[in-house]
There are 2 protein chains.
Amino acid sequence: MKAAVFHGQKDVRLEDVPEPEVRSGSVKVKVDWCGICGTDLHEYLAGPIFIPPAGSPHPITGETLPLTLGHEFAGEVVEVGDDSEGLRAGDRVAIEPVFRCGECAACLRGATNLCEKLGFYGLMGGGGGMSEFAVIPSYMIHKLPEGLTTEQGALVEPIAVGLRAVRRAGFEAGQSALVFGGGPIGAVTVQCLKASGAGQIMVAEVAEARKEKALDIGADAVIDSTEEDVAGRVRELTEGQGAEHSFDAAGIQETLQTALHATRKGGTVTIISIWEGPVQINPNDIVLSELNVVGTICYTPEDFADTISMLRDGRIETEGIITGRIPLSDVVEGGFEELVDHKDRHVKILVRSPE
Amino acid sequence: MKAAVFHGQKDVRLEDVPEPEVRSGSVKVKVDWCGICGTDLHEYLAGPIFIPPAGSPHPITGETLPLTLGHEFAGEVVEVGDDSEGLRAGDRVAIEPVFRCGECAACLRGATNLCEKLGFYGLMGGGGGMSEFAVIPSYMIHKLPEGLTTEQGALVEPIAVGLRAVRRAGFEAGQSALVFGGGPIGAVTVQCLKASGAGQIMVAEVAEARKEKALDIGADAVIDSTEEDVAGRVRELTEGQGAEHSFDAAGIQETLQTALHATRKGGTVTIISIWEGPVQINPNDIVLSELNVVGTICYTPEDFADTISMLRDGRIETEGIITGRIPLSDVVEGGFEELVDHKDRHVKILVRSPE
């Protein structure tokens, strides 16, 4: 079968690989759609970062590159291994691509996103969604309810990241929020804020296409830091108070520092982004304003399941964030290279596996 | 009357000043005891820091140095101005020394510790507790219940800082806590953790006298960063998990960074200290472990009142943190200079006003 295999920086190849065989505790899925994640792009441009390089196999999968990519995907079960109760061929499913060691304190309390050996299917091994078939641990499988397409199913993963961020923030209906970054994670955060009854959503973004997109999907205002002082503008928009919540989905020193200044006293700054290295902050900004600074990573199984429910009910709309649909055969040029050249135009490009 | 007046760095003078007169909305208090705060010492060594210098009057008091010091104090009401319902001569009282502008959003919701014009009686003007008499806004007055001495009353202020920190942390009975710094704020935090049913209290401290004191007042273990790796030792003491809570009462880059590493996934780092400037952190430490980083400043009126209740009930014991009692006449040598020379030996020196 065909699969998009990561060999190294700027080296993703569409290859013929053996079709995987179902094992006990797993199911075989015919992939329909798979999203290209910012993490995939990061690996393409500068990897291997999270992908285990030669000589350093991932502690759960035991694999190293070359590895099949794709961790935002959905499809249909075609074969079920032993010990996979409740699943059968024909089930349309989305994949929650987080491995579980099943032994650490985090896994034992259901916080699989904090597993000591944190690993992702389609990034650290196991197979991947940018292929025709994938054999997947049954615990990663979420059935899609009627009315939810596998195209929507491929968007559950990134949207679950936004839902967890909003939950970790302790966000309450009616509150105001400032989101730094209008890229894919910023966009899903805006959607989840809207679905959570946000009173006012402001997005700090500099790229024109992303500014427009942010307004399209629900932001009430966009603020361009190259044109105005973000914290000052937020104060104007919030009766002098600052935002009750800020979400940093940009992940640079400037956005975090601005978040600390643009958030009202007693408010919450939620950090969603992955960082390239240390940054400077003044802890007095946290102390004197009694801020809460909250980290959020991935999603728990509960977040993932609830995202599916919210999509099913139409509380989160997916059409607005799909900015491209390409066949698997075009994943390098129409996917990765398109994102390199025109990242700002896109939120989510979906890759269609061969029928 | 006599008062300890701050004129500048290393220049606190015991002076004769006019006895203050009661005004409407205030009461006149004969001071019994007043603690020397770390902030007072900081002002003595390097001030004016918070004390308004000449030309920059505080927005609420309109005052600049020279100013009478002392914001941790208690005494007896001797005269009551108009508009001071419920207070009368003879009341023994503790002073919650936070001014209120009464107009900002924080004041209006009772978060007077976050007042836009935050100011302290005995630091930014109004008078001070290191004197014989003080005239104090009635809203700052808390009556002491029977059985609670004015000596204990002088300790309410610093202990309320510890109580708020523990509350802001969302600390729950049975949880583990790591406190950075065994000075006055670290010590009251340990006491409030103990009173909150902490399962395990660890204190990171390097000074011998403070290490002993920490064990005296309730720490289960002390960890000396010059002798062992703090995060590693904490993991040993917590079944490999890290502390559920860390409290930074030391306020240097190393303690904050260590707190981020010594706190378990999903845990909370509460920052109590005031910082001299920016520090470097890696936000990935917050993101990948889903930490909560929480700022805490002073106390609200509710925290202050509840601290009094806890002292009355004996849930917080005060004797252990009093390390000196001196007369007001000795405040410079026996107070400030003693703390400069032997800071590590002391938690709280109390100053006795003339009878």
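Letters A, B, ... are given to chains in the order of the sequence lines, protein chains preceding strands, and every chain is numbered from 1. Quick caveat: nothing in here was measured; it's all calculated off a predicted structure.
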A.B. asks: Would you mind checking which part of Ile272(B) comes under 4.5 Å of any heavy atom in chain A, side chain (CB onward), backbone (N, CA, C, O), both or neither?
C.D. replies: backbone
A.B. asks: Among the options Ile274(B), Ile281(B), Leu118(B), pick out the one with the most heavy-atom pairs lying under 4.5 Å from chain A.
C.D. replies: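 Result: the option with the highest number of such pairs is Ile281(B).
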A.B. asks: What heavy-atom pair brings Ala187(B) and Val347(B) nearest, and what distance separates the two atoms?
C.D. replies: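 For Ala187(B) and Val347(B), the tightest heavy-atom pair comes out as CB-CG1, 3.9 Å.
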A.B. asks: Taking the side chain as every heavy atom from C-beta outward, state whether Pro52(B) and Pro57(B) have any pair of such atoms under 4.5 Å apart.
C.D. replies: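 No - every pair of side-chain heavy atoms lies 4.5 Å or more apart.
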A.B. asks: For residues Cys107(A) and Cys101(A), report the shortest heavy-atom separation together with the two atoms involved.
C.D. replies: SG-N, 3.7 Å
A.B. asks: Under 4.5 Å between any side-chain heavy atoms of Val161(B) and Pro184(B), yes or no?
C.D. replies: no
A.B. asks: Determine which donor-acceptor pairs between chain A and chain B fall under 3.5 Å and list them with their distances.
C.D. replies:
from	atom 1	to	atom 2	distance (Å)
Arg109(A)	NH2	Lys265(B)	O	3.1
Asn113(A)	ND2	Glu290(B)	OE1	3.4
Asn113(A)	ND2	Glu290(B)	OE2	3.1
Leu114(A)	O	Lys265(B)	NZ	3.4
Arg164(A)	NE	Glu290(B)	OE1	3.4
Arg164(A)	NE	Glu290(B)	OE2	2.7
Arg164(A)	NH2	Glu290(B)	OE1	2.9
Arg168(A)	NH1	Asn292(B)	OD1	3.3
Arg168(A)	NH2	Glu290(B)	O	3.0
Arg168(A)	NH2	Leu291(B)	O	3.3
Arg168(A)	NH2	Asn292(B)	OD1	2.8
Lys265(A)	O	Arg109(B)	NH2	3.2
Lys265(A)	NZ	Leu114(B)	O	3.4
Trp275(A)	N	Asn284(B)	OD1	2.7
Trp275(A)	O	Asn284(B)	ND2	2.8
Val279(A)	N	Ile281(B)	O	2.8
Val279(A)	O	Ile281(B)	N	2.9
Ile281(A)	N	Val279(B)	O	2.9
Ile281(A)	O	Val279(B)	N	2.8
Asn284(A)	OD1	Trp275(B)	N	2.7
Asn284(A)	ND2	Trp275(B)	O	2.8
Glu290(A)	O	Arg168(B)	NH2	3.0
Glu290(A)	OE1	Asn113(B)	ND2	3.3
Glu290(A)	OE1	Arg164(B)	NE	3.4
Glu290(A)	OE1	Arg164(B)	NH2	2.9
Glu290(A)	OE2	Asn113(B)	ND2	3.1
Glu290(A)	OE2	Arg164(B)	NE	2.7
Glu290(A)	OE2	Ile297(B)	N	3.0
Leu291(A)	O	Arg168(B)	NH2	3.3
Leu291(A)	O	Gly295(B)	N	2.9
Asn292(A)	OD1	Arg168(B)	NH1	3.3
Asn292(A)	OD1	Arg168(B)	NH2	2.8
Val293(A)	N	Val293(B)	O	2.6
Val293(A)	O	Val293(B)	N	2.6
Gly295(A)	N	Leu291(B)	O	2.9
Ile297(A)	N	Glu290(B)	OE2	3.0

A.B. asks: Sort out for me which of Val294(A), Leu291(A), Leu256(A), Leu114(A) touches chain B most, counting heavy-atom pairs under 4.5 Å.
C.D. replies: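 Ranked by contacts with chain B, first place is Leu114(A).
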A.B. asks: How long is the straight-line distance from CG of Leu260(A) back to CD1 of Ile286(A), given to the nearest 0.5 Å?
C.D. replies: 5.5 Å
A.B. asks: When only pairs under 4.5 Å are counted, which of Pro278(B), Ala106(B), Pro283(B) shares the most heavy-atom pairs with chain A?
C.D. replies: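 Sorted descending by pairs with chain A, the first entry is Pro283(B).
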A.B. asks: Could you tell me if the side chain of Phe120(A) sits less than 4.5 Å from the side chain of Val98(A), heavy atoms only?
C.D. replies: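 Yes. Closest side-chain heavy atoms under 4.5 Å.
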A.B. asks: Go through the atoms of Ile271(B) and report whether side chain, backbone, both or neither lie under 4.5 Å from a heavy atom of chain A.
C.D. replies: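 Both the backbone and the side chain of Ile271(B) come within 4.5 Å of chain A.
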